[in-house]
Amino acid sequence: MIDVLSGLFVDHTLRTVALGSATLGIVSGALGAFAVLRRQALLGDAMSHAALPGVALAFLLTGSRAPLVLMLGAAIAGWLAAAAIVGVVRTSRVKVDSAMALTLSVFFGAGLVVLTFIQRQPAAGKAGLDKFLFGQAAAMLESDVITMVAVGAVGLFGLLALWKEFKLLSFDPDFAATLGMPTRRVDILLTSLLVIAIVVGLKTVGVVLMSAMVVAPGAAARQWTNRLGVMVTLSACFGAAAGVLGALLSTTAETSTGPTIVLVATGLVVVSLLFAPARGLVWVRMRAWRSRRMLALEAVIADLASLAAQHGSNATHPHDIGALNAVRGRAVVERALTELAADGLARQHDTGGWSLTPRGLAEADRLARSRRAPGVAR
Amino acid sequence: MRIGLRTGGALAIQATDLTLAYQQQPVLWDVDLEVPQGVLMAIVGPNGAGKTTLLRAVLGLLKPAAGEVLVFGQPYADQRRRVAYVPQRGSVDWDFPTTALDIVTMGTYGGLGWVRRPGTSERTRAAAALAQVGMESYADRQISQLSGGQQQRIFLARALVQDADVYLMDEPFQGVDATTERAIVELLRALRADGKTVVAVHHDLQTVTEYFDEVTLLNVRRIAGGPVDRVFTEENLRLTYGGRVAGIGGRAVGNDLEPSS
């Protein structure tokens, strides 16, 4: 990996690959964040698969493999797929998930048919089209990168210009409509930008896995922040990181680029789901465990205090652990007692019985009062 | 900022012959809605009576099969800026990554036009509206961390920022705590004192007479409408709820047979 990193600065090919992958990651990350918030992850999947016949037909019709031509073909096909899905849902009783699955397979199947047809032709320059399936970063040329940057910039510019409109549409489309916003047109626009994000990465990541690059950075970014701007920025950074790391890894290890990039992105998602502050599963679990433990401690203190109260004058009279076990499990009580002893709130007498210390009694008193106080949120 | 003369005696909202159907099932049938200026009106009716649909049709969110809607005597499309909308709290995803203040600021978007971002003056107005609903200390709070009542007040503040003349509210009292309910009632009265008009879909029959001046009883068709003391009778309620209301001596007790939707 060190070799690769130092190679970045001298090796022209590596630099091209890194730059292109960073671009695709930024664009798909930023626009994908909105797809995640609008629950359009599957739409992204359908559109990226549906782009395949667009790529193949564009080549077949023009005989050109210029990146812009192929991207345009892909964009048109992806866009048509989105329109087809909406059309099917509007005019029939087919539900949206079925409509997406249907559109995805029809378009993807058609793409594969055209692709095999092209492969059997003797025409020159057909090589490399099959790379659109799983993507290949190593084949990236400077002309590819330039086109990716230019097209991606259009997508990002559109996102920034209509930021407020897209935010409102994503949060509350009905309210947006009452303000006079043409929500359907804005929706089409945002979906079109998503198409742009997809076609930018298509050749590098491949149609099969491109949707992961749309969804994964956004899903990971959502874990770390509660601000839309931060989320989109973070998502773009995650996308770039996954793109560059995955592309370089795949180039050195000679694996397919798409899957490698997606694995890196998935790694980011897993880490974010587990460890992001506030929303991370690990912390959520830990907080739940801690509050359960606190409740157990408080309960044992209360039990000891009420036993002590029955003894009147001698509040620190020891009690057999069995008296506490009656209510709670032995293991819970023993662990709680050990912890209370460590905190100096309870102590074990020579006889083996337990009692609260004076400090423990004070604590029990405090807890009892805070519990009785009305409206105290706990 | 507001252009044009206030059309003197015109009704705040006048919907005539509204008819709307999903597939073959009529949801609204030939409904007239007349809302005088400066009143608090409740729209009351059983589940599936078309209350929300009526509100959405007035707002142009649903296209009726027949009928027209006038706001202060003119088509709604020309009067959009005079109408504010408070949707049902459950209609949005509260896990959206943003703050209470940001949601309220959305109420200013209508006056900003395309591309332009809200600036200091918009945020100041939003902060003032937050204060009006007693939520100023929650401005920077992520919206999913607010209670249901607080989320409802955020939505009300967003409508207040719109500085409209008519406020359409879809179940503003749905699932809110007592504090919020009192805050909302006070707010409605303040709006009325300012000469504003409020139309609210309302579920709790017990509070209709206390909170509202006018009521429209709806069950696909309009059953009755007008001042509460004249229209909100046991007889009309029975017509609306199909005899399912155990009304006693003019005092409606229907809350428990009207499970919230």
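To find a chain, count down the sequence lines: A is the first, B the second, and so on, and within it residues start at 1.
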### Task
Please name all residues satisfying salt bridge (Lys or Arg N to Asp or Glu O under 4.0 Å) with A:Arg293, sequence neighbours left out, ordered by chain then number.
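Partners of A:Arg293 under the salt bridge (Lys or Arg N to Asp or Glu O under 4.0 Å) test: A:Glu339.
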
### Query
Do you know which two heavy atoms are closest between A:Leu179 and B:Gly110, and how far apart they sit?
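In this case the closest contact between A:Leu179 and B:Gly110 is CD1-N, 3.8 Å.
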
### Query
Which region of A:Val36, side chain (C-beta onward) or backbone (N, CA, C, O), has a non-hydrogen atom less than 4.5 Å from a non-hydrogen atom of chain B, or is it both or neither?
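Contact with chain B involves no heavy atom of A:Val36 at all.
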
### Task
Name all residues meeting the side chain to side chain contact (heavy atoms under 4.5 Å, CB included) criterion together with A:Leu102; count only those two or more places apart in sequence or in a different chain, and write none if there are none.
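Expected list: none.
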
### Query
What pairs with A:Leu209 under side chain to side chain contact (heavy atoms under 4.5 Å, CB included), at least two apart in sequence or on another chain?
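Once residues adjacent in sequence are excluded, the partners of A:Leu209 under the side chain to side chain contact (heavy atoms under 4.5 Å, CB included) criterion are A:Val205, A:Pro259, A:Val262.
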
Quick one: donor-acceptor pairs under 3.5 angstrom, chain A versus chain B?
from, atom 1, to, atom 2, distance (Å)
A:Arg39, NH2, B:Asp93, OD2, 3.0
A:Leu160, O, B:Arg117, NH2, 2.8
A:Lys164, NZ, B:Gly113, O, 2.6
A:Lys164, NZ, B:Arg116, O, 2.9
A:Glu165, OE2, B:Val115, N, 3.2
A:Lys167, NZ, B:Asp102, OD1, 2.9
A:Lys167, NZ, B:Asp102, OD2, 2.8
A:Lys167, NZ, B:Tyr109, OH, 3.4
A:Asp172, OD2, B:Arg158, NH1, 3.2
A:Asp172, OD2, B:Arg158, NH2, 2.8
A:Asp174, OD2, B:Arg56, NH1, 2.6
A:Asp174, OD2, B:Arg56, NH2, 3.4
A:Ala177, O, B:Arg80, NH1, 3.2
A:Arg222, NH2, B:Asp95, O, 2.6
A:Arg222, NH2, B:Asp95, OD1, 3.3
A:Asn226, O, B:Thr98, N, 3.2
A:Leu228, N, B:Pro97, O, 2.9
A:Arg279, NH1, B:Asp95, OD1, 3.2
A:Arg279, NH2, B:Asp95, OD2, 2.8

### Best-contacting candidate, A:Leu168, A:Leu160, A:Leu162, against chain B by heavy atom pairs under 4.5 angstrom
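Top option by heavy-atom pairs under 4.5 Å: A:Leu168.
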
### Message
Given B:Pro97, which partner from the list A:Val232, A:Val230, A:Leu228 fulfils the side-chain contact (heavy atoms from CB on, under 4.5 Å) test?
### Response
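Only match with B:Pro97 under side-chain contact (heavy atoms from CB on, under 4.5 Å): A:Leu228.
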
### Message
Can you tell me which of B:Val86, B:Ile103, B:Val83 forms the most heavy-atom pairs within a distance under 4.5 Å of chain A?
### Response
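If we count pairs closer than 4.5 Å to chain A, B:Ile103 comes out on top.
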
### Query
Which bit of B:Ile143 comes within less than 4.5 Å of chain A, counting heavy atoms only: side chain, backbone, both or neither?
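Side chain only.
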
### Task
Mind checking the CE-CZ spacing from B:Met106 to A:Phe171? Nearest 0.5 Å is all I need.
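One gets 6.0 Å once the value is rounded to the nearest 0.5 Å.
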
